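Note that this is a predicted model, so its numbers are computed, not measured. Both counts, for ligands and for their atoms, begin at 1 and track the order of listing. Scope of the values below: all heavy atoms of this structure, side chains included, with no hydrogens, waters or symmetry mates.
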Amino acid sequence: MSAQQPSASNTTRRYQLFIGGQWVEAESGRTFASVNPATGETLAEVAEADAPDIDKAVQAARRAFEGKWSKVSARDRGRLLYKLAQLVESRAKELAELETMDNGKPIREALYVDLPEVIEHFEYFAGMATKIEGETIPVPGRMFNYTLREPLGVCGAIIPWNYPLVMAAWKLAPALAAGNTVVLKPAEQTPVTALELGKLIQEAGFPEGVVNIVPGFGERAGAALASHPGVDKIAFTGSTEVGKKIARAAAENLTKVSLELGGKAPNIIFADADMEQAVNGALMGIFFNQGQVCTAGSRIFLDERIKDEFLARFRERAEQIRIGDPLDKQTQMGPQVSEEQLNKVKYYVAVARQEGATLVTGGEPPALSGPLAHGYFFRPTIFTDVKNEMRVAQEEIFGPVAAVITFKDEDELIQQANQTIYGLSAGIWTRDVTRAHRLAREIRAGVIWINTYNIFNAASPFGGYKQSGYGREMGKHAIELYTQVKSVWIDLSGRPMGWYNR
Ligand code: NAI
Ligand code: MG
């Protein structure tokens with residue numbers, strides 16, 4: 001579709017690419033539609049970046065890195081990030097609504113979880129900019145050795161659709177605090193809020209080219225960015241499958257990579273857990289954001305002794321979840337992000353049935369009328385009698401489908417919980433503090449939640465074990481992802497080196 005064509009509806013928004021401080025059409029002139037998954041209607045027509053646009057963006061980022069940005073002090077980088085946080089805050093309601101329309105997540109999540117997390121991230125790393133330091137090393141002899149912690153250069157960020165603005169903030173905030181420049185490729189399903197953020201980045205006063213935003217498709221724009229020799233680092237969040245492709249593409253230029261990938265988290269409920277807390281935690285684990293969360297507690301390990309009581313309560317509460325218009329503040333579950341994702345969920349429901357799991361509730365789309373009848377909705381779904389070897393317990397579904405596996409003893413439980421290619425997160429529900437800490441050590445995952453779930457903070461490191469990726473975002477650890485260390489030696493003796501004495 002060309003940019004000149006009239007749009008399907010006169011409320012369709014239009015966006016160009018943000019490169020070198022300018023809003024520009026794609027070199028090809030192509031655009032693509034971003035759809036509102038609650039109705040199937042086009043929300044925005046967006047310029048589609050491809051390899052030539054990525055190349056332009058990388059060059060703009062390089063010029064900025066070597067030019068103006070390198071002369072901006074850490075304090076001023078921090079002030080710019082803080083200004084950005086304030087601008088986001090001042091437009092939080094509008095950004096939350098756009099996020100909800102582009103992604104389908106309930107407005108109460110966009111407004112009270114996503115936007116605050118974005119603001120917090122920019123604030124946290126605003127403060128971090130002036131705390132990035134080298135060290136002095138007590139080397140022997142009359143030598144002085146110290147380190148400089150320097151930015152990497154041009155960072156490519158490739159992000160997914162489940163938390164569009166949050167993911168942009170997770171990448172941009174530490175990269176900019178550390179003095180890098182960024183080429184950000186939002187997901188093709190949800191480019192709108194990242195582009196809105198581009199306007200605020202401009203308004204905040206970042207020099208041109210420091211941030212470039214180039215939406216497009218993964219196999220084209222994403223692949224071009226990952227394999228570009230002018231990129232110093234790629235930060236990726238998304239599927240494990242694409243993470244491997246990115247690592248391969250980056251290997252060609254030895255581009256540094258950090259990967260935050262999929263999960264199949266065990267959410268473990270012991271018989272001594274507070275039942276009400278555990279039921280709430282299981283709901284939060286698998287139904288939050290329509291189940292489209294990398295940390296989703298999709299494997300619920302349930303102590304056999306509380307199976308009946310827990311399942312009855314879990315089912316009842318799952319059936320009470322209010323599905324509907326995501327812009328309605330009462331709504332607790334919106335649509336899946338796309339028809340593709342909805343089909344994936346349906347496919348795994350069929351697989352689970354075939355494998356002999358028992359459907360407790362859900363398993364189909366809800367009956368909705370009006371415009372929502374065209375949305376990609378699916379009911380909260382629970383399967384029990386799941387065995388850990390089943391595909392429904394091993395493969396990431398990324399939808400509202402819980403697989404309940406019962407256990408009898410702790411050793412067998414730990415062994416099964418760890419029996420997965422993933423290792424992103426885990427939940428543990430128990431009143432026994434000794435057991436809680438014991439399991440926190442035994443479970444091979446990057447985040448452990450005890451009597452809580454899906455809690456994040458900009459100060460706390462996040463990332464995966466095993467095929468859930470490598471590198472830790474957030475907190476001080478994020479700075480390691482976006483800096484490199486230089487070791488500087490100076491001789492204090494003032495004498496020639498003795499090796500080649502005449
Ligand atoms: P994806 O991994 O294909 O997409 C994530 C990002 O990577 C998007 O920006 C996409 O354009 C880009 N991308 C895709 N192919 C690429 C390539 N060859 N080179 C460079 N960039 C590329 O995820 P997708 O297809 O949207 O969803 C498929 C599954 O991935 C989901 O069902 C879910 O299981 C998983 N996923 C996991 C996420 C997480 O947070 N860990 C987020 C999104 C999806
Ligand atoms: Mg894909």
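Listed by number with element, the atoms of ligand 1 under 4.0 angstrom from any heavy atom of Ala223 are 19 (N), 20 (C). In the vicinity of Gly222, heavy-atom distances shorter than 4.0 Å reach the ligand 1 atoms 19 (N), 20 (C), 21 (N). Within ligand 1, the atoms closer than 4.0 Å to a non-hydrogen atom of Pro160 are 42 (C), 43 (C), numbered from 1 in the order shown. Close contacts of ligand 1 with Lys245, meaning ligand atoms under 4.0 Å from a residue heavy atom, involve 18 (N). Contact atoms of ligand 1 toward Gln189: 26 (O) (distance under 4.0 Å to a heavy atom of the residue). If you number the atoms of ligand 1 from 1 as listed, the ones under 4.0 Å from a heavy atom of Glu188 come out as 8 (C), 10 (C), 11 (O). Residue Trp161 has at least one heavy-atom neighbour below 4.0 Å for each of these atoms of ligand 1: 24 (P), 26 (O), 27 (O). Of all atoms in ligand 1, listed by their number and element, those nearer than 4.0 Å to a heavy atom of Asn162 are 40 (O), 42 (C).
Counting protein heavy atoms only, atom 44 (C) of ligand 1 is closest to Phe398 CE2, 3.8 Å. Protein heavy atom in closest approach to atom 39 (C) of ligand 1: Cys294 CB, 3.6 Å. For atom 25 (O) of ligand 1, the nearest protein heavy atom (residue, atom name, distance) is Glu340 OE2, 4.8 Å. Here the heavy atom of the protein found nearest to atom 14 (C) of ligand 1 is Gly218 CA, 3.4 Å. Here the heavy atom of the protein found nearest to atom 28 (C) of ligand 1 is Gln341 OE1, 3.8 Å. The nearest heavy-atom contact from the protein to atom 9 (O) of ligand 1 is Ile159 O, 2.8 Å. Nearest protein neighbour of atom 7 (O) of ligand 1, counting heavy atoms only, is Phe236 CE1, 3.2 Å. The protein heavy atom nearest to atom 35 (C) of ligand 1 is Glu396 OE1, 3.4 Å.
At most 12 heavy atoms of other shown residues, nucleotides or ligands fall within 6.0 angstrom of atom CD in Glu339. Annotation for Arg444: atom CZ does not count as buried by contact number, only 12 or fewer foreign heavy atoms lying within 6.0 Å.
In this pair, Trp69 and Phe206 present their aromatic rings tilted. The plane angle is within the 30 to 60° band.
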Full working for side-chain contact (heavy atoms from CB on, under 4.5 Å) between Glu99 and Ile107: CA-CA 8 Å; Glu99 196 78 311; Ile107 187 69; over 6 Å; no
CA sep, side-chain torsions, deciding dist, call: Thr384, Thr358, side-chain contact (heavy atoms from CB on, under 4.5 Å): CA-CA 5 Å; Thr384 187; Thr358 307; 3.9 Å; yes
Thr240/Gln467 under side chain to side chain donor-acceptor pair (under 3.5 Å): CA gap, chis, key distance, verdict: CA-CA 7 Å; Thr240 292; Gln467 291 196 32; 5.5 Å; no
Residues Trp161, Gln292; criterion side chain to side chain donor-acceptor pair (under 3.5 Å); working and verdict: CA-CA 9 Å; Trp161 42 259; Gln292 303 167 142; over 6 Å; no
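Distances from atom 1 (P) of ligand 1 to the heavy atoms of Ser239, Gly238, Gly216, Pro191 put Ser239 nearest.
Residues Tyr465 and Tyr470 keep their aromatic ring centres 6.0 Å or farther apart.
Ligand 1 lies out of reach of Tyr163, whose nearest heavy atom is not under 4.0 Å from it.
Arg299 and Gln416 make their closest contact through NH1-O, 3.2 Å (heavy atoms, listed as atom of the first residue, atom of the second, distance).
Here's the thing with Ile158: none of its N/O atoms is less than 3.5 angstrom from an N/O atom of ligand 1. Between Lys344 and ligand 1, a contact under 3.5 Å exists for at least one N or O pair.
Using a 3.5 Å distance cut-off with no hydrogens or angles, the side chains of Glu117 and Trp170 do pair a donor with an acceptor. Between the side chains of Glu48 and Thr31, no donor N or O sits under 3.5 Å from an acceptor N or O.
At a heavy-atom distance under 4.0 Å, no atom of Leu225 approaches ligand 1. Residue-level proximity to ligand 1 for Glu241 is absent, since no heavy atom of it falls below 4.0 angstrom.
The shortest distance between side-chain heavy atoms of Leu95 and Leu200 falls below 4.5 Å.
Between Arg472 and Glu480 there is no salt bridge, since no side-chain nitrogen of the basic residue lies less than 4.0 Å from a carboxylate oxygen of the acidic one.
At least one protein heavy atom sits closer than 4.0 Å to atom 11 (O) of ligand 1.
Relative to the six-membered ring of Tyr482, Lys233 meets both conditions, a distance below 6.0 Å and an angle of at most 45° to the axis.
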